[in-house]
Amino acid sequence: MYDCQDRFKVLPLAEGVEEVFTRLLNYFGPQHWWPGDTPLEIIVGAILTQGVNWSNVEKAIKNLKQEDLLEVKGLYQVNESKLARLIRPTGYYNMKAKKIKAFINFLCEKYDGQLDKMFTQPLSKLRSQLLDVYGIGPETADSILLYAGGYPVFVIDAYTKRIFSRLGYVSPDIKYHDLQQKITGSFPEDVDKYNEYHALLVALGNNKCKKTNPECGYCPLNKD
DNA sequence: TTCCCGTACT
DNA sequence: AGTACAGGAA
């Protein structure tokens, strides 16, 4: 099994969650997420990054910026096929163009095209509204809420599942909501910490705790 | 479960 | 050439 289990099996989940955060922050340093200049850019990025590397997203974001399309009005007016062409580097570009359009339409209909208005809504109400938008599932909704809206929501992703299952705390196929409850149930509700924690898990998942050939020998969760 | 789909790293 | 990737819909 994985080396990290030896250390973390003696720690209750609550302490383990805290220990992982401390170690990752010491090792990687603050990540300064999300990499996006505006709330709208963060939301578009959250949709574009579904199922692909962030490096793919950067090209698409650059294309959108060049066309002056990272604003509500522009995204509302641009036709879907042109949008799809611009975001081609992210893969799934036809689906994602539809998804971005669906969000913009939702924003315009419900909130007069104003993100400020949208983000005055209480957390649980807005979350369920976002989940009703085509193309927005739990992870994308929570990324939008945390990184664009500043709500205290802990984002779960493939890395989070992989890391906590390898630590021995949960099953690899644990459901999104169940893992979210497990982690937040024993962790202070703090926007800055949630922000940093998710970013650090992505860093570990990318650099050390990879799906195949994980570099456990160099993992900060194993050192003394 | 399968489809959507390009990019980077092995 | 093969695999993995900040997922979600049908």
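Chain naming here is simple, since letters A, B, ... match the order of the sequence lines and numbering starts at 1 in each. Computed from a predicted model, the values in this text were never measured in an experiment.
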**Prompt:** What closest approach, in Å, do A:K82 and A:N79 show between heavy atoms, and which atom pair accounts for it?
**Reply:**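 For A:K82 and A:N79, the tightest heavy-atom pair comes out as N-OD1, 2.8 Å.
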**Asked** What is the minimum heavy-atom distance between A:K96 and A:I47, and which atoms define it?
**Response**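 The pair with the smallest heavy-atom distance is CE-O, 3.7 Å.
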Using whole Å, report how far [atom1] of [X] lies from [atom2] of [N].
| X | N | atom1 | atom2 | result |
| --- | --- | --- | --- | --- |
| A:L48 | B:dC4 | CG | P | 19 Å |
| A:R88 | B:dC4 | CZ | P | 15 Å |
| A:N63 | B:dT7 | CG | P | 11 Å |
| A:F103 | C:dG7 | CZ | P | 19 Å |
| A:L201 | C:dC5 | CG | P | 14 Å |
| A:Q50 | B:dC3 | CD | P | 19 Å |
| A:Y92 | C:dA4 | OH | C1' | 10 Å |
| A:K96 | B:dC3 | NZ | P | 18 Å |

Lys/Arg N to Asp/Glu carboxylate O, [X] vs [Y], below 4.0 Å:
| X | Y | answer |
| --- | --- | --- |
| A:K161 | A:D173 | no |
| A:E18 | A:K193 | yes |
| A:E19 | A:R7 | no |

What nucleic acid atoms does [X] come within less than 4.0 Å of, heavy atoms only: base, sugar-phosphate, or nothing?
| X | answer |
| --- | --- |
| A:S143 | nothing |
| A:G137 | sugar-phosphate |
| A:I136 | sugar-phosphate |

**Message:** Checking side-chain polar atoms at under 3.5 Å, does A:K125 have a donor or acceptor matched by the opposite partner on A:Q121?
**Reply:**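 Judged by distance alone, the side chains do pair up.
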**Prompt:** Looking only at atom types and distance, does a side-chain atom of A:N105 sit under 3.5 Å from a main-chain N or O of A:K101, one as donor and one as acceptor?
**Reply:**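 Flag set: sc A:N105 to bb A:K101 pair under 3.5 Å.
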**Rounded distance in Å between the C1' positions of B:dC5 and C:dG2** =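 B:dC5 and C:dG2 have their C1' atoms separated by 16 Å.
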Any idea which of [options] is nearest the [X] side chain?
| X | options | result |
| --- | --- | --- |
| A:K99 | C:dG8, C:dA10, B:dG6 | C:dG8 |
| A:S55 | C:dG7, B:dG6, B:dA8 | B:dA8 |
| A:A158 | C:dG8, C:dG7, C:dA10 | C:dG7 |
| A:Y93 | C:dA9, B:dG6, C:dG7 | B:dG6 |
| A:N94 | B:dG6, B:dC5, C:dG8 | B:dC5 |

**Message:** Which is more 5' along DNA chain B, the nucleotide nearest A:K59 or the one nearest A:M95? Just name the residue.
**Reply:**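 Nearer the 5' end of the strand: A:M95.
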**Prompt:** For C:dC5, does either OP1 or OP2 sit under 4.0 Å from a side-chain N or O belonging to A:R162?
**Reply:**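 Checking A:R162 against C:dC5: at least one side-chain N or O falls below 4.0 Å of OP1 or OP2.
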**Asked** With nearest nucleotides of DNA chain C determined for A:N53 and A:A141 from heavy-atom distances, which residue corresponds to the more 5′ nucleotide?
**Response**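 Comparing both residues, the 5'-ward one is A:N53.
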**Prompt:** Parallel, tilted or perpendicular: which fits the ring planes of A:Y151 and A:F119, with parallel below 30° and perpendicular above 60°?
**Reply:**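 If you compare the ring of A:Y151 with that of A:F119, the planes turn out tilted.
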**Prompt:** In residues 208-219 of chain A, which residues come under 4.0 Å of DNA chain C by heavy atom?
**Reply:**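 Within residues 208-219 of chain A, the residues near DNA chain C are A:K211, A:T212.
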